[in-house]
Amino acid sequence: MDEPKGIYNFNVIEKKWQGVWESEKTFAAGSSDDSRPKYYILDMFPYPSGAGLHVGHPEGYTASDILSRYKRMKGFNVLHPIGWDAFGLPAEQYAVQTGTHPAQTTQKNIDNMRRQIKSLGFSYDWDRQVDTTDPNYVKWTQWIFLKFYNSYFDEAAQKAKPIEELPIPEGLSEVEKTEYIDNHRLAYEHEAPVNWCPELGTVLANEEVVGGVSERGGHPVVRRPMRQWMLRITKYCERLLAGLDGLDWSSSIKKLQHDWIGKSIGAEVDFQIDGFDDKIRVFTTRPDTLFGATYMVLAPEHPLVEKITTDDNKAAVDAYVEAASKKSDLDRTDLAKGKSGQFTGTCAVNPVNGDKIPIWISDYVLISYGTGAIMAVPAHDERDYEFATTFNLPIIEVVKPDEPVEGCFSGNGTAVNSGQFDGLRTPEFKEKIADWLSEKGLGEKAVNFKLRDWLFSRQRYWGEPFPIIHAEDGRRIALTEDDLPLRLPEVEDYKPTGTGEPPLAKVTEWVNVTLPDGTRGKRETNTMPQWAGSCWYYLRYTDPTNNDKAFDPANEKYWLPVDVYIGGAEHAVLHLLYSRFWHKLLYDLGYVQAPEPFTKLINQGMILGEDNQKMSKSRGNVVNPDDVVHDFGADSLRLYEMFMGPLEASKPWNMSGVEGVYRFLGKVWRAVIDADTGAVVPAIQDAEPSEETLRLLHQTIKKVGGDVEGFAFNTAISQMMICINHIGKLKVRPRSVVEQFIQIVSPFAPHICEELWEKLGHTERLAYHPWPKFDPELVKEKEIELAVQVLGKIKDRIVVAADASEEAIKEAALASEKVQAAIEGKTIRKVIVIKSRLVNIVAN
RNA sequence: GCGGAUGUGGCGGAAUUGGCAGACGCGCUGGCUUCAGGUGCCAGUGGGGGUUAACCCCGUGGAGGUUCGAAUCCUCUCAUCCGCACCA
C-alpha cells in the first residue's frame, strides 16, 4: 500500500539532508582570518572499534553538535572536528590471531564508524578528520617526541628549553658530558622495575594497572626490571597543578587531577647511620614529630640496605628483599593488610635528640616515593603504629591531642616530649623545626609529588615507532625532522616475542641501519603508547593537512584554546593530564600561545541498558544506534539522548522514551505539513500571533537558548514540547511563530527542520540562519497566580497583575474568603509577600 | 579504610537556587476518531481519607535542627554508584 505523500518519512529526509550538507560542505569551519568570533567545540575522538558505535558515543556528540549548530546560528565561526584515535590493542590482538594487518582492520573499523556517525547528521567539518595512524600524523607525533628528547627543564625558569641551552658543568669528559645531557632530557631511557604483563606481552603504565591486574583484560601484572622510555612529566607537577585553577572544569575532575599529582609539603631530614659515614635522608610531612621517631624504615630496594645490614641479619634481609622484588602489585596492595619487615641490625641517630633508633626494611615504604626511606613515628602515623605494634617497637607521644584519642593520633595538637619545642601548636612547630633543621644543616623544607614520570614505551607493533637509533658504539642518535615519519615495517607475524622484546625486534632489515658515518646501529623497537596520538590531536585539527608543520602557528593562535571539550569522565586523569603536559611543553618551546588547551570541560554520563546495568555484550543489553536510526530516525535518537536527563548523569535507556520524542517530531511535522498531500497546511498563515502565543514563543526562545548555553538540553526539549502542544492546537498558526519555532528546534533535530524550512519556501540553509531573538517584555506574564499561605499552608490562590504592588497583593490576599476563614480569631503577626511567588500570612 | 557523587510518583526526570513539589516525557485508566490499529486527539493519573463533591491529612532515603517558609541550608544516619588505595 502506498504511504500518504506527506507523512514524516525520516529515512528519506535524513539521507537527503546529509547528502546536501556533505556536497555543499555546509559545516566547513571558516579560516583563521574570518571576521566572526571563533568557537572551538571538541569531542573526544573515538577509538574505531570493531563493535562500532554504541549509544554512549552519540550522547556527547549530540550535545556538542547542538552547541555547534547553535553557535553558528549565533554568528560564530565554529570549528567542530572529528577524527580517529586509531592505534590500539584490539587491532593488534586481532592481527596476532588472524595475521590481518592492523592498518587494514583499523581502516575497516573507521569506515564503519564514519558511516554510523554520518548517519546521525553531526555537523563535523569532515575535511579536517585526523587519523593518529596516518603517516602524515605519525610524523608530527614523532616530531613532538623529538621536542621532548631535545629539551631540558630549566628549574629556575620553571620551563622547558632546547637541550643546546643546557648549561654543562666544567671539566666533564666527553662521555660524562653526554651522560649529563641525557640525564636532563625530558624524554629519557630508564632501567626500572616496570609492570610487566605476560599475558599481553607488554609493559603497562601505573595507571593501566588496576588492583594488580591489567586495566584491559584483567590479566596479572608482575614487576620486572626493563629498559624503558620515560617522559619527565614530574617536572611539570607545579604547573599542572597551578593550571587547574583557571579551568572551567567540574570540581570533581579537578580534584581527581589534583590528588593524582598529589603535592605534599614537608621537610627532608638526614639521619646519621651509627657506625657508618652514610646518612639516610627521609622525607616527612610531619617534621614536628621528629622527637617521636623511634625507628626508621628503608624500602627493600633502597641502595643502602645491603651496605648497612649486619652479618647476623644478612640472610633474613636478603630473603625479604628477594621476596619483595617478586611481589606483584596485587600482592603489595591486597596482601598489605598486615605489616612485614626485617631489622637490618644497624641503628641511626635521631638528629634532634641523639637517640639511637633501629633501621628496618619493609615493603610498606616505597622506593619510588620521596627518598625511599622514612622516619617512623608510631604515635602519630597509622602505618607506623601498625608496624610498631606488630614488632614491639617503642611508641613515644609527641603531639598532645586537644581531645583524648584512642591509639594513634595523626591530627594537629600541642607538642610534648619535644625538648625546647614543647607547647608549640603543630602548624607553628612545623615552621620552626624546618628553619631549625636548615640552620643546623640537618635538613630542609621539601615538596614531594605522588605523580611519577610517565612510562612512555610499549612492547607492541601497532604504535608510533620512536625516531631513535642506538649506535653500535653506544651513542644514541635521534632522527631529524627530515627523516620523519619513521614508518612501521611490514612484519610476518604480530606475536609478542614473549621475552619482552617487542615484535619489531624480529624485523632485522628494519632494525639494522648503517649511519652516514659508516657505523652500524639498531633502531629503537619499542613503540609509543596509545596516549601519544591523543595528546595533541586537537592542535592538528586546526591545520590537518599541513605537510611542513604540525600546525601553523596562525591557526593555533586563532582557534586555541578549545572552548568546550566534551567526553567521558573515564579520561579525567590520564588523557587530560597527558594532553596538558604535552601542551605545556609546546607552550614553553613557543609553538602554542595558550597555556592550557581546554577551557571548559563537560563529562557526559554513562548510558545504561534498559535493565539499569552497564551495557555489555554478555548482559545482552546493548542498544545499537543503527537500529534506533532505522526505526525512528537520527533526529529521534538525538532528541532522546538529550531528553533522557542531565548530560552529566548516568541514566538507563528506554525504547518507549524514543517513541515519545518521535511523537513530538510527528507533532512538529503535522503542525506544518498535511499528511495526505505533503503540502503546507492551510492553518499556517501570515497572521499576527495572539499575545499568549507570542509570549510562549518568546519564553521558548529564551529558555532553549539559555539551556543550550548551560548544557541543560533535557529541559530545553521539554519547553519545545510545551510550545508545539500549543501551536498544534491553533486553528491559525502564524507563519512567523512556526518559522521561529523550527529555527530553535533545528540544532536538536536538524534534518526534519531543514526539510520543513524548505517546505515553507526557503531556499537558503537553516544552518546559518540567525538564532531568533526574544523580547524580554514579551516574555513576561501579564497576570500571575499567587499561592496564599497561612502559616505556610496553602489556603487559596489569587490572580494579580504581574506588576501589582506589594500592598495590592497583600490586600488581595487578605480579601480572600478562605484566608479570612483560616485566620479567624487569630492575630496577624506578619504578612510576607514574595513577588510573583506567594504570600504567607503569619497569624496565631 | 579515605575521597567524591547521587537518593523526588509505577519509570526517566523538573523545580527560577530558601518560596505553589512532581514541569515535560514514558507507562497506566477512561473516552472520541477509525473497517482496523504498536495511529491521532481529549480527559485523568503522588499516597491516604472523604457522602468520590467541597475539602482534610501525609509526602522529596531516614532522624533531628535553623526558618514565616526546606527537595534545596546545618548535624547525624542509611543505601547505591564511581574514583583512590601503605604516597610518609
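Order of the sequence lines sets the chain letters (A, B, ...), proteins ahead of strands, with each chain counted from 1. Bear in mind the structure is a predicted one, so any value in this text is a computation, not a measurement. FYI, side chains are in, hydrogens and waters are out, and symmetry mates aren't considered; it's all heavy atoms of this structure.
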Whole-angstrom distance between [N] and [M], as gauged at atom [atom1]:
N     : M     : atom1 : result
B:A5  : B:U60 : P     : 23 Å
B:G22 : B:C68 : P     : 25 Å
B:G27 : B:G38 : C1'   : 14 Å
B:U8  : B:A71 : P     : 15 Å
B:C42 : B:G10 : C1'   : 23 Å
B:C58 : B:A21 : C1'   : 14 Å
B:G1  : B:A14 : P     : 32 Å
B:U67 : B:C57 : C1'   : 23 Å

Using a heavy-atom cut-off of under 4.0 Å over every strand shown, decide if [X] touches base, sugar-phosphate, or nothing.
X        : answer
A:Lys651 : sugar-phosphate
A:Asp259 : nothing
A:Ile374 : base
A:Ile722 : sugar-phosphate
A:Ser251 : nothing
A:Glu785 : base
A:Leu256 : sugar-phosphate

Salt-bridge present ([X], [Y]; N to O < 4.0 Å):
X        : Y        : answer
A:Lys445 : A:Glu268 : no
A:Arg281 : A:Glu444 : yes
A:Lys810 : A:Glu806 : no
A:Glu777 : A:Arg695 : no

Respond yes when some side-chain nitrogen or oxygen of [X] is under 4.0 Å from OP1 or OP2 of [N], and no when none is.
X        : N     : result
A:Lys818 : B:C55 : yes
A:Ser252 : B:G83 : no
A:Asn714 : B:A14 : yes

To the side chain of [X], which of [options] is closest?
X        : options             : result
A:Gln789 : B:G3, B:G27, B:G19  : B:G19
A:Ile794 : B:A88, B:A21, B:C24 : B:A21
A:Pro646 : B:G12, B:G13, B:G4  : B:G13

Integer-rounded Å distance: [N] [atom2] and [X] [atom1]:
X        : N     : atom1 : atom2 : value
A:Gln719 : B:A14 : CD    : P     : 15 Å
A:Trp260 : B:G4  : CH2   : C1'   : 15 Å
A:Asp707 : B:A15 : CG    : C1'   : 13 Å
A:His258 : B:G4  : NE2   : P     : 13 Å
A:Met644 : B:C11 : CE    : C1'   : 12 Å
A:Ile832 : B:G19 : CD1   : C1'   : 10 Å
A:Asn612 : B:G10 : CG    : C1'   : 14 Å
A:Phe643 : B:C24 : CZ    : C1'   : 5 Å

Please determine whether the number of non-hydrogen atoms from other residues, nucleotides or ligands lying under 6.0 Å from atom NZ of A:Lys702 exceeds 12.
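For A:Lys702, atom NZ is not crowded (no more than 12 foreign heavy atoms under 6.0 Å).
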For a side chain to side chain contact (heavy atoms under 4.5 Å, CB included) check, start with the C-alpha distance between A:Ile361 and A:His302, then their side-chain angles and the critical distance, and finish with the verdict.
CA-CA 9 Å; A:Ile361 64 167; A:His302 196 283; over 6 Å; no
If we call it a pair only when both distances are under 3.5 Å in a Watson-Crick or G-U wobble match, what pairs with [N]?
N     : result
B:G46 : B:C58
B:C81 : B:G4
B:G10 : B:C26
B:C41 : B:G31

On RNA chain B, does the nearest nucleotide to A:Thr285 precede the nearest nucleotide to A:Leu786 from the 5' side, or the other way round? Give the residue.
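By nearest-heavy-atom nucleotide position, the 5'-most residue is A:Leu786.
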5'-most contact on RNA chain B: A:Ile841 or A:Gly372, nearest heavy atom basis?
A:Ile841
With the sugar-phosphate defined as primed atoms, P, OP1 and OP2, and the base as all remaining atoms, what B/S/- string results for nucleotides 33-52 of chain B, 5' to 3', for protein heavy atoms under 4.0 Å?
-------SSS----------
B:G9, syn or anti by chi within 90 degrees of zero
syn
By the rule that syn is within 90° of 0, classify the base conformation of B:U60 as syn or anti.
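Because its glycosidic torsion lies more than 90° from 0, B:U60 adopts the anti conformation.
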[X] vs [Y] side-chain heavy atoms within contact, under 4.5 Å:
X        : Y        : value
A:Tyr320 : A:Ser340 : yes
A:Glu238 : A:Phe449 : yes
A:Met655 : A:Val628 : yes

Would you call the rings of A:Trp653 and A:Tyr640 parallel, tilted or perpendicular, where under 30° means parallel and over 60° means perpendicular?
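Because their plane-to-plane angle is over 60°, the rings of A:Trp653 and A:Tyr640 count as perpendicular.
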